[in-house]
Student: 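Next up is a structure, given as structure tokens.
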Protein chains: 2
Amino acid sequence: MARYRPWRQIAADLRRAIETGEYGPGERLPTGGALMERYGVARQTVQNAIEQLRSEGLISSTPGGRVQVRTRRPIQRLARNRLSREERVEGRGAFLTDAAAGQWRPQVDVTIHPQAADAAVAHELRLTDGAEVFVRERVMRADGVPVQLATSYLPRDLTRGTAIEQENTGPGGIYARLEETGHRLIHFVERVRTSAPDDTEAAALGIGRGEPVLRITRVAYSSDRALELNRIVAVAERFELVYELPAD
Amino acid sequence: MARYRPWRQIAADLRRAIETGEYGPGERLPTGGALMERYGVARQTVQNAIEQLRSEGLISSTPGGRVQVRTRRPIQRLARNRLSREERVEGRGAFLTDAAAGQWRPQVDVTIHPQAADAAVAHELRLTDGAEVFVRERVMRADGVPVQLATSYLPRDLTRGTAIEQENTGPGGIYARLEETGHRLIHFVERVRTSAPDDTEAAALGIGRGEPVLRITRVAYSSDRALELNRIVAVAERFELVYELPAD
DNA sequence: AAGTGGTCTAGACCACTTG
DNA sequence: AAGTGGTCTAGACCACTTG
């Protein structure tokens, strides 16, 4: 046992044990006390090793609870299929499309309200500061566990008098409603970044510090204007983003 | 000062100071000792706050060095343009295309060797286990700082006798060479995940634990086969991935 | 009530960078 | 040589979960 940075060795040992299946998905790791004794180290040192494995996405832990090997497979988020017109016509939103492909149970909670666009939202939608937008905030769950927050902003003139201002937007969701009112979608641009969550996001997603999130900013365009800004915060460990790109 | 989890307050104060510009890009934060005194807390508590800000991508720190506000803007990685045939014909590789768009100085170090495909590589390229592949390992730097590792695997029968087996693959890189030998690229599939780096990756990229990386797996396809597997490990904080998606 | 993961203090030392 | 960020020990307590 190295005297300097023994947490590396502890993390390496546990990582190997997980990868070889000694600790299978959903199983508990040894308790902190057991690891302290086994390696002859202090509590903080064990904690450093645990923190590393958590940031690698191998384990999850809850205070008072237990340290568990992660069991859930990543949700495949299929960028091409999920936004296709075919799926929209069939009446499924993108999250539901992913669920059907991945065989998990989707659940979406929505809150809606109009508001004045701040500078960032106005810039993305090419509106003037303070223009009215309609906001749909969604918490998405997979098999009951929150995995994603998505907040959509649409220029109010596109949504007034449509089902987009209802809690339930109807079959095909907001994109189907936009196309019905003559706003044909041409393309989407997605920008992907990653970072740690802030306190509000961490609480809503039920994750701790150090568990990274994906931040996806998506703008939907018609031929002449920006129709929707969607800001997504997703538990990084739970997702694999899949993009299909033409070579031409 | 809250007695329980004071690191949250310390992190919040520092975050605000960075966001308001009190500590500008490249500037140092107060030393650990100063923060211990100011908040009346122990060293570990300050460390917890610093760790949080680092995982949010706001600061970077080096042992013996200093804690600095991050200065570099994210590298825009433009998935559509960077792989377009037009760019390839103009003779620029994808990384160089990004550099031209983002105005930073690119540098690529390459090591090359043939090897037998392991099970994972064989699966992605639809080869039999142990089939020979040609491997190109690249370390990519922006303005001298390592930002990305990329390892390409190509079936050996596609590369033998071509410049793909040279260090310098010539104008347009390996995709241009593949197309010259009759393997027309039809599409790419990119899969994006994120996690912490392992020790080797952290050392090569010069980042610490808790700084997440993006793991991008890209496969290039012709009409009838998989031509190349590229495994990319990129410093998450430095990148913004941009994808353009058709609505049809 | 007992157990567990997480956080805290106080003090020490290590590895590294800057003068 | 001095300063700094990072890690460690030993022990305590907190918040939470499970019995």
Side-chain angles (χ1 to χ4, degrees), chain A residues 1-12 14 23 26-56 58-70 145 196-197 199 202-203 206-211, chain B residues 1-12 14 23 26-56 58-70 145 196-197 199 202-203 206-211:
Chain A
M1 193 68 201
R3 279 175 14 268
Y4 186 59
R5 302 220 266 187
W7 69 259
R8 284 171 173 263
Q9 187 60 48
I10 300 171
L14 291 173
Y23 303 112
E27 280 184 48
R28 297 185 63 174
L29 293 190
T31 65
L35 292 171
M36 287 166 68
E37 193 174 356
R38 181 187 305 175
Y39 288 96
V41 297
R43 186 164 199 73
Q44 182 69 47
T45 304
V46 169
Q47 198 61 28
N48 287 344
I50 295 296
E51 178 96 9
Q52 173 65 19
L53 294 178
R54 197 173 50 184
S55 74
E56 291 176 18
L58 287 174
I59 61 173
S60 63
S61 59
T62 46
R66 41 197 61 195
V67 178
Q68 271 186 318
V69 178
R70 286 257 187 190
V145 181
D199 282 354
I207 58 177
R209 60 189 274 245
E211 284 198 72
Chain B
M1 193 68 200
R3 279 174 14 267
Y4 186 60
R5 299 221 268 190
W7 69 259
R8 284 173 172 261
Q9 188 59 49
I10 301 172
L14 292 173
Y23 303 112
E27 280 184 45
R28 297 183 64 174
L29 293 190
T31 65
L35 292 171
M36 287 166 69
E37 193 174 356
R38 180 187 305 175
Y39 288 96
V41 296
R43 186 164 199 72
Q44 182 70 46
T45 305
V46 169
Q47 197 63 29
N48 287 344
I50 295 296
E51 178 96 9
Q52 173 66 19
L53 295 178
R54 197 172 51 185
S55 74
E56 292 175 18
L58 288 175
I59 61 174
S60 62
S61 60
T62 45
R66 40 197 62 196
V67 179
Q68 271 186 317
V69 178
R70 285 258 189 192
V145 180
D199 282 355
I207 58 178
R209 59 190 275 245
E211 285 198 71

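The figures here come from the full heavy-atom set of this structure, side chains too, leaving out hydrogens, waters and symmetry mates. This one's a predicted model, so the numbers in the text were calculated from it and none came from an experiment. Letters go in sequence order (proteins before strands), and every chain restarts at 1.
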Student: With heavy atoms under 4.0 Å as the rule, sort B:Arg66 into base, sugar-phosphate or nothing.
Tutor: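 Sugar-phosphate only.
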Student: Please list all pairs passing the salt bridge (Lys or Arg N to Asp or Glu O under 4.0 Å) test where one or both residues lie in residues 46-55 of chain A, with sequence neighbours left out.
Tutor: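 Those involving residues 46-55 of chain A are A:Glu51-A:Arg54.
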Student: Reading DNA chain C 5' to 3', what string of ( ), [ ], | and . shows its pairs, if Watson-Crick and G-U wobble pairs count only when both distances fall under 3.5 Å?
Tutor: ||||||||||||||||||.
Student: Which residues pass the side chain to side chain contact (heavy atoms under 4.5 Å, CB included) test with B:Glu56, sequence neighbours left out?
Tutor: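 Counting only residues at least two positions away or on another chain, B:Glu56 forms a side chain to side chain contact (heavy atoms under 4.5 Å, CB included) with A:Ala196, B:Arg15, B:Gln52, B:Leu53, B:Leu58.
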Student: What are the bounds, 5' to 3', of the part of DNA chain D that sits under 4.0 Å from heavy atoms of chain B?
Tutor: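 For DNA chain D, the relevant span reads D:dG3 to D:dA15.
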Student: Looking across every strand, which nucleic acid part, if any, lies under 4.0 Å from A:Arg8 by heavy atom: base, sugar-phosphate, or nothing?
Tutor: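 Answer is nothing: A:Arg8 stays at 4.0 Å or more from every strand.
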Student: Using heavy atoms to find the nearest nucleotide of DNA chain C for A:Thr62 and A:Gln44 separately, return the residue whose nucleotide is more 5′.
Tutor: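 Closer to the 5' end of DNA chain C: A:Thr62.
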Student: Where each residue is assigned the nucleotide of DNA chain D containing its nearest heavy atom, which of A:Ala42 and B:Pro30 is assigned the position nearer the 5′ end?
Tutor: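 Its nearest nucleotide lies further toward 5', so the answer is B:Pro30.
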Student: Would you tabulate the side-chain donor-acceptor contacts of residues 26-36 of chain B under 3.5 Å, counting partners in other chains and residues two or more places apart, or write 'none'?
Tutor:
residue, atom, partner, partner atom, Å
B:Glu27, OE2, B:Gly24, N, 3.3
B:Thr31, OG1, B:Ala34, N, 3.2

Student: Using the test side chain to side chain contact (heavy atoms under 4.5 Å, CB included), find all partners of B:Glu37 that sit at least two apart in sequence or belong to another chain.
Tutor: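 So B:Glu37 forms no side chain to side chain contact (heavy atoms under 4.5 Å, CB included) with any residue.
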Student: Nearest 0.5 Å please: distance from the CD1 atom of A:Ile50 over to the OG atom of A:Ser60.
Tutor: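 One finds 11.0 Å between CD1 of A:Ile50 and OG of A:Ser60.
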Student: List in chain and number order the residues that pass salt bridge (charged side-chain N to carboxylate O under 4.0 Å, His left out) with B:Arg8, two or more places apart in sequence or in another chain; answer none if no residue qualifies.
Tutor: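 Residues passing salt bridge (charged side-chain N to carboxylate O under 4.0 Å, His left out) with B:Arg8: A:Asp199.
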Student: Going by the rule side chain to side chain contact (heavy atoms under 4.5 Å, CB included), which residues pair with B:Gln44 if we only count those two or more places apart in sequence or in a different chain?
Tutor: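 In terms of side chain to side chain contact (heavy atoms under 4.5 Å, CB included), with neighbours along the sequence ignored, B:Gln44 is linked to A:Gln44, B:Gln47, B:Asn48.
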Student: Say you draw a straight line from OG of A:Ser61 to CZ of A:Arg66; how long is it, rounded to the nearest 0.5 Å?
Tutor: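 The CZ atom of A:Arg66 is 12.5 Å from OG of A:Ser61, to the nearest 0.5 Å.
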